[in-house]
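We're numbering straight along the sequence, starting at 1. Every number for a ligand or one of its atoms is a count from 1 in the order of the listing.
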Amino acid sequence: MNRSSQLFHDSQRVIPGGVNSPVRAFKAVVGDPVFVQSAEGHTLIDADGNRYIDLIGSWGPMIVGHAHPEVVAVIQEAATRGTSYGAPTEAELLFAQDIVDAVPSVEQVRLCSSGTEATMHALRLARGFTGRDAILKLDGCYHGAHDSVLVAAGSGVATFAQPGSPGIIAPATLTAPYNDLAAVERHLQATPVAAILVEPVAGNMGCIPPQPGYLEGLRALCDRYGALLIFDEVMTGFRLAYGGAQERFGVRPDLTCLGKIVGGGLPLAAFGGRREIMQRLSPVGPVYQAGTLSGNPLAVAAGRKTLELLRAPGFYERLEALSAGLEARLSPIVAKAGLSMHRVGSMITIYFSPVAPWRFDEVARCDLPRFGRFHRACLDRGIYLPCSQYEAAFLPATLTDHDLDTLAAGIAEAIDASVSP
Ligand SMILES: *Cc1c(COP(=O)(O)O)cnc(C)c1O
């Protein structure tokens, strides 16, 4: 038994399933999970010393690469001044200013510690602001692990084939298929809805783009029926553009949730939006929201430095060019194998289906056992891809043309190797 498998075996004695977040257990693919020893740039080194090109990047945050020297330096420097105060700091002011400057619809922002918290607080705020109870989410979108959004959710919830999760209370959560405006309007006609919560580009059922007019249509429906539009940009924020999907697609939500990249790889997330709505939050307004570690100085330092790196001239143009370069290399390989693909910016998914899906039930019809074999074949070739058909890959800006060639060659072999069990 290799060391990763030994560690996984031992972990299961003291940690449920051996992992601290379900998808890490590799249940939807062949073989045991890889236990990580260290990472640098886009190279991940496992407990057995194997090296991988990492196309997960901690599920999105590591867009500038792991252990970026400038990010590490600011974390070290911050740690020497204390790791948590539970009191406001100037760095939080500067960071909030950076976020407000970056994200088109955000006039005020509040920091928290995870994407789960960000969507939970944004939904509570939307309910408090509108005085309505119901929320509407889209099938296959994932918004974290709290009650009202664990309904028809993507990511690990979909991977483990549960309709939702036992133990949740979500009576006021309506759902509609992604990319289907008519289904949304039927709900809005029947029920007063506080907010529509959506991943503007879905990344938790694989990468699924919004069809032309979809985001604009959601905006118009929200305006017509008095609901708030909440973009969950935990995945897309600072990835699809510096200002996120809302910059890329030119649609302004009322509230925005951020996470992953904004924390530079440390536990930090945020939600923000129109001043009039944000002013309903405690202590100025009645909607309560709080967190002992919110605005943690290490996380704020990592986030600020990461955003500074992303503001370097040409950063997103280069990321787009290398992402397009990978797509161009993969397109003929995928087409020849009778498979399909979606890419938006640096989010990309190969689907084990001849036609690329536009909604969750279409992803569920992919050849999932073959995906599981493909995933292991990629690992064997030093390529670390998301361990579920329901997860998008995230390209880091550190990839070179040589890496793209290596990836395309390895993925082509792995597709061939996955044909038969
Ligand atoms: C990852 C993710 C979340 C949850 O964030 P956590 O930090 O894991 O709680 C919420 N929404 C989206 C779109 C995500 O991708």
Side-chain angles (χ1 to χ4, degrees), residues 19-24 55-63 103 110-124 126 135 137-159 165 168 173 175 178 195-210 215 218 229-240 244-246 248-249 253 255-272 289 291 293-294 296 299 302-303 306 344-349 360 363 386-388 390-394:
V19 291
N20 281 312
S21 200
V23 294
R24 299 178 194 170
L55 297 189
I56 303 182
S58 185
W59 303 95
M62 310 319 300
I63 192 167
V103 187
R110 168 123 338 144
L111 301 182
C112 52
S113 300
S114 71
T116 294
E117 285 177 64
T119 64
M120 184 175 79
H121 297 317
L123 287 172
R124 181 184 305 146
I135 60 147
K137 76 176 286 294
L138 289 309
D139 297 343
C141 286
Y142 177 71
H143 305 292
H146 61 90
D147 281 18
S148 51
V149 294
L150 278 183
V151 177
S155 189
V157 194
T159 307
S165 163
I168 63 164
T173 303
T175 66
Y178 199 75
I196 298 178
L197 176 63
V198 62
E199 288 182 67
V201 172
N204 285 291
M205 46 177 157
C207 171
I208 297 198
L215 298 177
L218 290 179
L229 180 61
I230 308 177
F231 276 5
D232 181 351
E233 297 229 40
V234 169
M235 199 174 257
T236 55
F238 299 102
R239 177 160 289 282
L240 296 184
Q246 57 194 273
R248 195 174 176 115
F249 292 92
L255 293 173
T256 299
C257 301
L258 297 166
K260 299 197 167 119
I261 291 174
V262 76
L266 270 75
L268 186 145
F271 64 104
Q289 185 276 333
L293 294 178
S294 294
N296 173 267
T306 299
V344 181
S346 54
M347 295 166 62
I348 190 164
T349 301
F360 181 65
V363 184
C387 47
S388 163
Y390 297 111
E391 309 281 357
F394 301 105

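- For Arg110, the salt bridge (charged side-chain N to carboxylate O under 4.0 Å, His left out) test picks out no residue, with sequence neighbours left out.
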| said: Could you go through Leu229 and Val198, starting from their C-alpha distance and side-chain angles, then the distance that decides it, and tell me whether this counts as side-chain contact (heavy atoms from CB on, under 4.5 Å)? | reply: CA-CA 8 Å; Leu229 180 61; Val198 62; 4.3 Å; yes
| message | Please determine whether side-chain contact (heavy atoms from CB on, under 4.5 Å) holds for the pair Ile208 and Tyr178, giving the CA-CA distance in whole Å, both sets of side-chain angles, and the decisive distance to 0.1 Å. | response | CA-CA 9 Å; Ile208 297 198; Tyr178 199 75; 4.0 Å; yes
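- Applying side-chain hydrogen bond (donor to acceptor under 3.5 Å, both in side chains) to Thr119 and the options Arg124, His146, His143 leaves one that passes, His146.
- Ligand 1 is surrounded by Ser114, Gly115, Thr116, Tyr142, His143, Gly144, Glu199, Asn204, Asp232, Val234, Met235, Lys260, each with at least one heavy atom closer than 4.0 Å.
- Arg248 places a side-chain N or O within 3.5 Å of a backbone atom of Leu240 that can act as its donor or acceptor partner.
- Considering Glu117, Met120, Gln289 in turn, Gln289 is the only one that fulfils the side chain to side chain contact (heavy atoms under 4.5 Å, CB included) rule with Phe271.
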